[in-house]
Amino acid sequence: MLTTASGRRHAPQPKAATPMAFVQAVMRGFERYGANPAEAMQRAQIAPAQLRRPEARVTAAQFEALCGVAMQQLDDEALGWFSRRLPWGSYGLLCRASLGAPNLGVALKRWCRHHRLLVDDIQLQLSDDGQLATLVIDEAHDLGDLREFCLLTSLRYLHGYACWAVDSRIALREASFPFAAPAHAAVYPLLFPGPVAFDAPRAGFSFDAHYLQLPLRRDERALRTMLQHALPLTVLQYRRDRLLVQRVRDLLQGPAGESLRAEGLARALNVSLRTLHRHLRQEGASVQSLKDEARLGRAQQLLGRTRQPVKQIAHQLGYRSEKSFARAFRQWTGATPSDWRTGAVPTRSDTASGAGPGKMATRAAGPGMPDHA
């Protein structure tokens, strides 16, 4: 909050980050249809003189107001990108057709398939190799001077819908575009949370495939509320990442997991250290609790699947001594490493695969015997 000399408090003004190049792209849509943009410019409180200043910026709210009027006045939610109009309500139809899907992967495939029924200028394709999900745009027709705005907004719609549908921030491994970095390239990382590459073969983005399994959390009522605004999918940002805990687990269980600290985890996940701690706290976890969980899992594997001495396992897990390892293991499971290895632990409902720090693990296999033997 800002305080004036009179002592009155005023809310901070929203930051103007949307480049004038995007406003100019909307103006080209008006030109294609021979329509007058005056009303849209007035509703968005954008002075005509600003159009001649490439360095000028507008706020997200101004840009949303501009596009909202333009889409309805031109009766084209694509604002002139394609060879045919997308009448007002077309993107709402895509959202509604995907909403009943059992998970995000099915919803995105439906979006891509139904988008092809609306226009054939571009085709959206989703692929999944089990680890990485990739969404790309194939250009069937020349998009002309609206190419950048079309490709960028199409990807923002899809990413925005995905985040909205599962009510989660979806971090991107990379977003790529098949043109040289524009003068306003600095805005791209604000639109796409992750590394951005230019001069790529195709436009698209990639993300952790595990997001595809998340169930949708929205219903028809939530959809109607969301569609009351023109471009909520392009301006709405999500702070919570519902998959972050699992992504941290995967990193900690990887080859370099034992040496990873919070700073390294944040870099690998492309988030700030503060954001990492906040998101984990929202999910009832912490870096230390997840590291303890990963260590316990590794300890159980080594004790159950190998005949290595406990002292050697303790050293392998980064403990200074066998005694400190045994103390930590007892805190996690209620048993010493030797007792756990021989199966001399109380039977509880927790299984080895689901055990974590503070839980009792059940030993199913014999001493030194692989669990699958």
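With sequence neighbours excluded, the residues forming a ring pair (Phe, Tyr, Trp, His ring centres under 6.0 Å) with H184 are F22, listed by chain and number. Remark: Y33 pairs with no residue by the ring pair (Phe, Tyr, Trp, His ring centres under 6.0 Å) rule, at least two apart or across chains. Partners of R32 according to the salt bridge (Lys or Arg N to Asp or Glu O under 4.0 Å) rule, which considers only residues two or more places apart in sequence or in another chain, are D145. When the ring pair (Phe, Tyr, Trp, His ring centres under 6.0 Å) test is applied to Y91, the partners found at least two apart in sequence or on another chain are Y157.
A 4.5 Å side-chain heavy-atom check between I122 and S154 finds at least one atom pair inside the cut-off. When side chains are defined from C-beta on, R57 counts as touching P19, because their heavy atoms get closer than 4.5 Å.
Residues S83 and H141 approach most closely at OG-ND1, 4.5 Å, considering heavy atoms. T333 and Q300 get closest at one heavy-atom pair: CG2-NE2, 4.4 Å. What you find for L74 and A35 is that their closest heavy atoms are CD2-CB, 3.6 Å.
In summary, R202 and E139 do not engage in a salt bridge, as defined by a charged side-chain N under 4.0 Å from a carboxylate O. Ionic pairing of D167 and R218 is present here: one or more N-O contacts between side-chain nitrogen and carboxylate oxygen are shorter than 4.0 angstrom. Checked for salt-bridge contact, E263 and R267 miss the test: no charged N lies under 4.0 Å from a carboxylate O.
Counting only residues at least two apart or in different chains, ring pair (Phe, Tyr, Trp, His ring centres under 6.0 Å) contacts with residues 291-320 comprise Y319-F325. For residues 88-103, every residue pair satisfying the salt bridge (charged side-chain N to carboxylate O under 4.0 Å, His left out) rule, not counting sequence neighbours, is listed here: R96-E220.
Counting only distance, with no hydrogens or angles, the side chain of R43 and the backbone of L66 share no donor-acceptor pair below 3.5 Å. In terms of modelled atom types and a separation under 3.5 Å, the side chain of R85 and the main chain of D76 share no donor-acceptor contact.
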Report the C-alpha separation of H159 and F205 in whole Å, then their side-chain angles, then the decisive distance to 0.1 Å, and conclude whether the ring pair (Phe, Tyr, Trp, His ring centres under 6.0 Å) test is met.
-> CA-CA 9 Å; H159 183 247; F205 57 69; 5.8 Å; yes
Derivation and outcome, side chain to side chain donor-acceptor pair (under 3.5 Å), residues T336 and D339 | CA-CA 5 Å; T336 66; D339 286 345; 3.3 Å; yes
Evaluate the ring pair (Phe, Tyr, Trp, His ring centres under 6.0 Å) criterion for residues F192 and F177: first the C-alpha distance (whole Å), next the side-chain angles of each, then the deciding distance (0.1 Å), finally the verdict.
-> CA-CA 12 Å; F192 300 94; F177 298 92; 5.4 Å; yes
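Note: W111 and Y161 have tilted aromatic rings, judged against thresholds of 30 and 60 degrees for the angle between ring planes. Between F149 and W81, the ring planes lie perpendicular to each other; the angle is over 60°, past the 30° to 60° tilted range.
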